[in-house]
Amino acid sequence: MKPQVVFALGRPGAGKGTQCSSITEHCNYTHLSAGDLLRKERTRADSEFSQKIDECFKRGEFVPGEITITLLRQAMEETMKNDKNKFRFLIDGFPPDVENLRCWTQVMDGEADVRFILLFDCSDEVSISRCLERGKSSGRDDDNKERVEKRIQTYLQSTRPVIARYHKEGKVRAIDASRSVTEVFDDVKSVFDREG
Ligand code: ADP
Ligand code: AMP
């Protein structure tokens, strides 16, 4: 089976990870977080990509699509190798910009179907307060006010054009992410129930 992919996008701290983990319990999707895969690869001693990932993270730049897509592809292949029925993937935090999208289209066109985009919508205030709350225990050096504000600007400048492109294709399913976890989850569930 060709991988069936849903991308989850939204401001940092919108709740993408929280909702993506929950939805995997409700339907047969495997959650892959682009950020988590990159952070893990960054610290892997024998990785051919760790140095480049480290440089990009330190400069606050996106890791080139080729690297992120290689990691996503490996994770998808591994999952499907272990269980051929697991061909549905919920990819969180990707594509972060049009370069990564272009690369995905180039490499994955015909290899995977992008079903739709789950867009977790919230204000800058919600994004900042949730990241600061997460920062108390996440150990992430980017969960502080200054970095979150910068990440929101990057999201607006770089990720919104990706969303606009998918919007033109009628593929964006927007959800008001500013409500409680359960309220947001009810909407997420309805989208998956509708789309299959
Ligand atoms: P993202 O993956 O979009 O960066 P997370 O899922 O990691 O966001 O959520 C960021 C923080 O906000 C976490 O501490 C999480 O527990 C909390 N959170 C997630 N969804 C909600 C919600 N609907 N209401 C309040 N807090 C939330
Ligand atoms: P998060 O989605 O919040 O878990 O974190 C993703 C982190 O990875 C952010 O700091 C992103 O800027 C960074 N990142 C770097 N390159 C990429 C990429 N190609 N795709 C997704 N996230 C990336």
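Heavy-atom basis, side chains included; hydrogens, waters and symmetry copies ignored. From a predicted model like this one, the values you see are computed outputs, not experimental measurements.
- Put simply, the side chain of F185 does not reach to within 4.5 Å of the side chain of T18, judged on heavy atoms.
- A 4.5 Å side-chain heavy-atom check between R73 and V107 finds at least one atom pair inside the cut-off.
- Of all the heavy atoms in N100 and F94, the pair that sits closest is OD1-CE1, 3.4 Å.
- Hydrophobic clustering (side-chain heavy atoms under 4.5 Å, transitive across Ile, Leu, Val, Met, Phe, Trp, Tyr) keeps V191 apart from I163.
- We find that K58 and D54 are joined by a salt bridge, their nearest charged nitrogen and carboxylate oxygen being less than 4.0 Å apart.
- Note on L101: it clusters hydrophobically with L156, by side-chain heavy-atom contacts below 4.5 Å among ILVMFWY residues.
- Nearest heavy-atom pair across V5 and A112 is CG2-CB, 4.3 Å.
- Between K150 and D142, none of the side-chain N atoms (NZ, or NE/NH1/NH2) sits under 4.0 Å from a carboxylate O, so this pair counts as no salt bridge.
- The neighbour count for R165 CZ, taken as heavy atoms of other residues, nucleotides or ligands under 6.0 Å away, does not exceed 12.
- Pairing each heavy atom of T159 with each of P96, the nearest pair is OG1-O, 2.8 Å.
- Listed here is the closest heavy atom pair of P161 and V98: CB-CG1, 4.1 Å.
- Residue L9 is not grouped with residue L118 when hydrophobic side chains (ILVMFWY) are merged at heavy-atom distances under 4.5 angstrom, including chains of intermediate members.
- Remark: E99 engages R102 in a salt bridge, criterion side-chain N to carboxylate O under 4.0 Å.
- More than 12 non-hydrogen atoms from other residues, nucleotides or ligands lie less than 6.0 angstrom from NE2 of H26.
- Note: the hydrophobic cluster containing I175 does not contain I117 (ILVMFWY, side chain heavy atoms under 4.5 Å, direct or indirect links).
- Using a 4.0 Å cut-off between a side-chain N of Lys or Arg and a carboxylate O of Asp or Glu, D143 and R151 qualify as a salt bridge.
- Each of L32, V188, V6, T30 was compared with L90 under the side-chain contact (heavy atoms from CB on, under 4.5 Å) criterion, and only V6 meets it.
- The NZ atom of K40 lies 14.0 Å from the OG atom of S50; values are rounded to the nearest 0.5 Å.
- In this structure, H167 and R160 have side chains that are not in contact, with every pair of non-hydrogen atoms separated by 4.5 Å or more.
- Nearest heavy atoms, T68 versus A34: CG2-CB, 4.2 Å.
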Legend entry - side chain to side chain contact (heavy atoms under 4.5 Å, CB included) evaluation trace for I53 with V63: CA-CA 6 Å; I53 296 172; V63 175; 4.2 Å; yes
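- Side-chain contact between F116 and F192 is present, with at least one heavy-atom pair separated by less than 4.5 Å.
- Within a 6.0 Å radius of CD in Q51, no more than 12 heavy atoms belonging to other residues, nucleotides or ligands are found.
- No side-chain heavy atom of F7 sits less than 4.5 Å from a side-chain heavy atom of D92.
- Under a 3.5 Å cut-off, the side chain of K171 and the backbone N or O of V114 do form a donor-acceptor pair.
- In summary, the aromatic rings of F87 and Y29 are positioned with their centroids too far apart to meet the 6.0 Å limit.
- Summarising the geometry of R130 relative to A14, their closest heavy-atom pair is NH1-O, 2.9 Å, with the distance given to 0.1 Å.
- No donor-acceptor distance shorter than 3.5 angstrom exists from the side chain of S47 to the backbone of T43, with no hydrogens or angles considered.
- Judged by distance alone, with hydrogens and angles left aside, the side-chain atoms of K16 form a donor-acceptor pair with the main-chain N or O of R11 at under 3.5 Å.
- Of the possible donor and acceptor atoms, none in the side chain of S127 sits under 3.5 Å from a partner among the backbone N and O of G13.
- Atoms NZ and OG, from K189 and S22 in turn, are 9.5 Å apart once rounded to the nearest 0.5 Å.
- Inter-residue side-chain proximity for V184 and F120 is flagged as met; some heavy-atom pair is nearer than 4.5 Å.
- The backbone N or O of D186 lies less than 3.5 Å from a partner atom in the side chain of S190, making a donor-acceptor pair.
- Between F57 and L38, the closest side-chain pair of non-hydrogen atoms falls below 4.5 Å.
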Legend entry - From CA spacing to verdict: side chain to side chain contact (heavy atoms under 4.5 Å, CB included), S123, V126: CA-CA 5 Å; S123 63; V126 168; 3.4 Å; yes
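- A single hydrophobic cluster is not seen to contain both F62 and I152; linkage of ILVMFWY side chains at heavy-atom distances under 4.5 Å, directly or through other members, places them apart.
- Side-chain atoms of T154 and Q157 form no donor-acceptor pair, as typed in the model, at a separation below 3.5 Å.
- A salt bridge links K145 with E149; the closest basic N to acidic carboxylate O contact falls under 4.0 Å.
- E111 and K2 are not joined by a salt bridge, as no carboxylate oxygen comes within less than 4.0 angstrom of a charged side-chain nitrogen.
- A heavy-atom distance below 4.5 Å is not found between the side chains of M80 and D83.
- T24 contributes a side-chain N or O that, together with a main-chain N or O of S21, makes up a donor-acceptor pair within less than 3.5 Å.
- Side-chain atoms of E77 never come within 3.5 Å of backbone atoms of Q74 as a donor-acceptor pair (strictly under, hydrogens ignored).
- Taking 4.0 Å as the cut-off between side-chain N and carboxylate O, R115 and D113 do not count as a salt-bridged pair.
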